[in-house]
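Note sheet for the following structure.
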Amino acid sequence: MAAIDIHTPLTFTVRRRAPELIVPAEPTPRELKPLSDIDDQKRLLMQVSDIIVYSRNPKMRNKTPASVIREALAKLLVFYYPFAGRLKEGPPGKLMADCSGEGVLFIEAEADVTLDQFGDPLPLPLPYMEELLMMFPARVAFLIHHW
């Protein structure tokens with residue numbers, strides 16, 4: 001496989017479904033958990049972006065990769081329930097996990113491009129990240145609720 005030709009732009013379309021919240025599959029404790037002194041440093045707050053690529057497995061019949069991820073994520077959030085909550089800032093500036101069970105953001109997307117079209121090995125950083133990812137401009141502002 002040839003490396004990506006940076007002089008020939010790759011054109012493709014990404015189709016995103018509406019963002020949705022995946023909530024825990026079962027009820028979870030409603031509590032506030034203070035973060036450690038290391039975890040609550042505001043300069044360490046950041047958005048981590050991942051692209052996870054799955055191909056359809058014919059054995060899965062009517063299940064899509066996204067439906068399997070939705071179901072697994074809902075089950076996982078039962079055990080890791082603070083991730084389904086929100087960050088809150090309490091006095092004096094201490095960050096806490098509000099274990100509210102509100103859920104995590106999930107966006108299903110499809111692109112009419114194959115990994116082979118990006119080249120082998122995949123160039124890093126991966127080109128076209130802006131087209132492939134859903135970025136939010138106010139990354140931290142919507143995460144922290146002030147008391």
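Bear in mind the structure is a predicted one, so any value in this text is a computation, not a measurement.
Remark: S100 OG to K88 NZ distance equals 7.5 Å, nearest 0.5 Å. Q117 CD to D112 CG: the interatomic distance, rounded to the nearest 0.5 Å, is 8.0 Å. In this structure, CZ in F79 is found 11.5 Å from OG1 in T28, a value given to the nearest 0.5 Å.
The side-chain heavy atoms of L35 and L87, taken from C-beta on, include a pair separated by under 4.5 Å. A heavy-atom distance below 4.5 Å is not found between the side chains of L76 and F83. A 4.5 Å side-chain heavy-atom check between C99 and P82 finds at least one atom pair inside the cut-off. In this structure, E108 and I69 have side chains that are not in contact, with every pair of non-hydrogen atoms separated by 4.5 Å or more.
For Y81 and E26, the side-chain atoms include no donor-acceptor pair closer than 3.5 Å.
For the pair K63 and E71, the salt-bridge criterion is met [side-chain N within less than 4.0 Å of a carboxylate O]. With salt bridges taken as basic N to acidic carboxylate O contacts below 4.0 Å, none links R86 and D98.
Heavy-atom minimum distance, V104 versus A84: CG1-CA, 4.2 Å. Scanning both residues, A74 and I22, for their nearest heavy atoms gives N-CG2, 3.8 Å. Considering all non-hydrogen atoms of both residues, E102 and V23 come closest at O-CG1, 3.5 Å. Scanning both residues, G101 and P24, for their nearest heavy atoms gives O-CD, 3.7 Å.
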Side-chain donor-acceptor contacts of residues 10-18 below 3.5 Å, not counting sequence neighbours, with atom names and distances?
residue : atom : partner : partner atom : Å
R16     : NH2  : E131    : O            : 2.6
R16     : NH2  : L133    : O            : 3.1

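The main-chain N or O of M96 is never found under 3.5 Å from a side-chain atom of K33 such that the two would form a donor-acceptor pair.
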